[in-house]
Amino acid sequence: MSKITVIGAGSVGSTIANDLMIQGIASEIVMIDINKVKAFGEAMDIYQGAPFFSPTIVRSGDYDDAKDSDIVIITSGLPRKAGQSRLELAQTNVDILKDITSQIVPVAPKAIYVLVSNPVDILTYVFHKISGLPEKQIIGSGTILDTSRLQSELAKRFYISAKNVHAHVYGEHGDSSFVPWSLVHIANNHIDVYKANSPDHDRIRWNQDYEEVEQYVKTSGGQVIKAKGATFYAVAMSVCHLCKCLQNTAGTALTVSTMMHGEYGVDDVCLSTLVLVDKSGVRGKILNHLTDEEVAKLQLSASKLKEIIKGLEI
């Protein structure tokens with residue numbers, strides 16, 4: 001069992017803390033927020049359900065209470081509003097992150113840091129530059145949620161468990177993300193041949209609808225925000241899954257945001273490709289063979305992020 005600190009007691013941070021307890025991922029959860037009363041109330045509310053689950057301490061605290069944390073999850077920042085892109089949030093949330101980093105890193109220098117706040121790729125990059133921590137300890141939640149949205153949609157179209165859908169979203173967690181369709185497989189068949197080989201071929205809805213599915217993935221978050229004001233359930237589940245993977249010695253392949261060092265011709269920016277994570281944090285990248293068109297899409301995504309970074313005060 002581990003100690004996990006969640007910074008930010010808004011909808012995302014509180015839902016993450018609640019899911020961490022329900023799933024028995026942490027033996028101790030510390031919630032920190034600039035609004036100490038809110039953090040106290042959220043922690044108390046979650047902890048009072050502890051008798052129904054694994055024994056877990058859930059409490060609010062200050063940065064000093066994060067000492068000896070195994071994982072620190074950063075969710076603080078202004079949320080995205082309806083019609084607003086994640087990148088429009090950049091400078092405001094960068095400034096918030098700079099303040100948090102100066103207080104948390106000296107207290108928990110050995111923790112693995114999971115950045116969740118948007119724009120997550122920008123904030124992950126900034127955290128690399130200002131924290132002074134080894135790269136293996138820094139992970140952006142990246143496109144693990146986009147990937148989950150993709151897998152769930154394809155599972156529905158192919159009448160199969162999402163666990164049999166091997167498909168991932170690469171690039172920015174945002175408008176320039178893309179699906180490397182050359183790598184997508186359904187139950188060991190490439191996506192474009194599975195329908196013909198499946199017992200469900202007469203009802204599977206698939207005619208190489210690449211653009212339609214990618215648009216669904218890209219707009220899902222905005223649709224949820226428009227309908228209910230915010231997204232937090234699915235992102236919390238994705239972050240909790242990442243935390244479970246960070247407790248294992250076996251590597252798990254996830255599309256998280258990490259620093260690029262020339263892979264696919266992309267350098268000095270954080271975005272999502274397939275990465276192995278384990279108890280040590282980032283074990284390394286899985287260098288899949290992408291088509292020339294897919295490499296170009298990844299490079300375009302990187303260039304869009306770099307444009308934003310150039311205009312920031314880090």
Side-chain angles (χ1 to χ4, degrees), residues 80 82-87 118-121 141-228 231-235 237-238 241 252-257 264 266 271-275 286-305:
R80 188 160 63 112
Q84 184 182 37
S85 76
R86 295 176 181 90
L87 296 182
N118 277 318
V120 66
D121 302 292
S141 58
T143 61
I144 52 175
L145 175 54
D146 310 71
T147 291
S148 177
R149 287 169 173 159
L150 171 66
Q151 292 170 345
S152 61
E153 174 64 12
L154 291 177
K156 188 164 59 177
R157 287 172 176 248
F158 282 89
Y159 293 90
I160 198 167
S161 166
K163 293 184 181 298
N164 295 124
V165 177
H166 297 281
H168 300 88
V169 177
Y170 276 39
E172 171 206 356
H173 175 51
D175 295 336
S176 66
S177 66
F178 70 99
V179 179
W181 291 103
S182 66
L183 302 177
V184 177
H185 284 72
I186 311 288
N188 282 345
N189 287 256
H190 186 268
I191 189 169
D192 291 333
V193 302
Y194 177 78
K195 180 177 178 178
N197 298 332
S198 169
D200 296 314
H201 59 84
D202 58 336
R203 59 175 181 160
I204 286 174
R205 296 176 292 117
W206 183 251
N207 293 293
Q208 297 184 328
D209 310 310
Y210 307 139
E211 183 61 29
E212 181 183 325
V213 171
E214 287 198 40
Q215 281 303 115
Y216 170 81
V217 172
K218 290 179 184 180
T219 59
S220 286
Q223 288 177 8
V224 174
I225 291 170
K226 184 178 180 180
K228 59 173 276 188
T231 61
F232 43 88
Y233 292 132
V235 67
M237 286 184 269
S238 67
H241 177 70
T252 304
L254 297 172
T255 48
V256 289
S257 187
Y264 310 107
V266 175
L271 45 66
S272 291
T273 59
L274 212 51
V275 174
I286 300 170
L287 299 179
N288 296 105
H289 178 74
L290 302 180
T291 67
D292 290 345
E293 182 182 2
E294 289 163 352
V295 170
K297 287 182 178 180
L298 189 68
Q299 292 174 352
L300 176 64
S301 192
S303 67
K304 288 185 177 296
L305 288 166

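The basis for the numbers below is simple: all heavy atoms, side chains too, and nothing from hydrogens, waters or symmetry mates. Residue numbers run from 1 in the order of the sequence given.
Taking CG of Leu290 as the reference point, atom OH of Tyr264 lies at 4.5 Å (rounded to 0.5 Å). To the nearest 0.5 angstrom, Ser220 atom OG is 11.0 Å from Ile225 atom CD1. For the atom pair His173 NE2 and Ile144 CD1, the distance stands at 9.5 Å (nearest 0.5 Å). Interatomic distance, CG of Leu145 versus OG of Ser148, reported as 6.5 Å (0.5 Å rounding). Rounding to the nearest 0.5 Å gives a distance of 3.0 Å between CG of Asp192 and OH of Tyr210. To the nearest 0.5 angstrom, Ser198 atom OG is 8.5 Å from Asn189 atom CG.
Remark: Ser301 pairs with Ser176 by the side chain to side chain donor-acceptor pair (under 3.5 Å) rule, at least two apart or across chains. In this structure Tyr159 satisfies the side chain to side chain donor-acceptor pair (under 3.5 Å) test with no other residue, sequence neighbours excluded. Glu153 meets the salt bridge (charged side-chain N to carboxylate O under 4.0 Å, His left out) test with Lys156, Arg157; sequence neighbours excluded. His185 pairs by the ring-ring contact (aromatic ring centres under 6.0 Å, His included) definition with His190, not counting sequence neighbours. For Asp200, the side chain to side chain donor-acceptor pair (under 3.5 Å) partners two or more places apart in sequence, or in a different chain, are Arg203. With sequence neighbours left out, the side chain to side chain donor-acceptor pair (under 3.5 Å) criterion links Glu211 to no other residue.
A donor-acceptor contact shorter than 3.5 Å is absent between the side chain of Thr219 and the backbone of Gly222.
Side-chain contact between Trp206 and Val213: present, with at least one pair of heavy atoms (C-beta onward) separated by less than 4.5 Å. Side chains of Leu254 and His241 form a contact here, defined as non-hydrogen atoms less than 4.5 Å apart. Between Leu298 and Phe178 the shortest side-chain heavy-atom distance falls below 4.5 Å. Between Glu293 and Trp181 the shortest side-chain heavy-atom distance does not fall below 4.5 Å. When side chains are defined from C-beta on, Asn288 does not count as touching Pro180, because their heavy atoms never get closer than 4.5 Å. In this structure, the side chains of His168 and Gln151 come closer than 4.5 Å at one or more pairs of heavy atoms. Annotation: side chain of Tyr233 is not in contact with side chain of Val224 (no heavy-atom distance under 4.5 Å). Put simply, the side chain of Val179 does not reach to within 4.5 Å of the side chain of Val217, judged on heavy atoms.
Thr147 and Thr255 form a side-chain donor-acceptor contact under 3.5 Å, judged by distance and modelled atom types alone. Defined by atom type and a distance below 3.5 Å, a donor-acceptor pair is missing between the side-chain atoms of Tyr216 and Asp209.
For the pair Ala167 and Leu154, the tightest heavy-atom approach, listed with the atom from each and the gap, is CB-CD1, 3.9 Å. Across every non-hydrogen atom of Leu271 and Asp121, the tightest pair is CA-OD1, 3.5 Å. In this structure, Thr143 and Gly171 approach most closely via the heavy-atom pair CG2-O, 3.7 Å. Residue Leu183 comes nearest to His289 through the heavy atom pair CD2-O, 3.6 Å, listed as atom of the first residue, atom of the second, then distance. Nearest approach of Ser272 to Gly142, heavy atoms of both residues: OG-CA, 3.3 Å. Residues Arg149 and Thr231 come closest through the heavy atom pair NH2-CG2, 4.3 Å.
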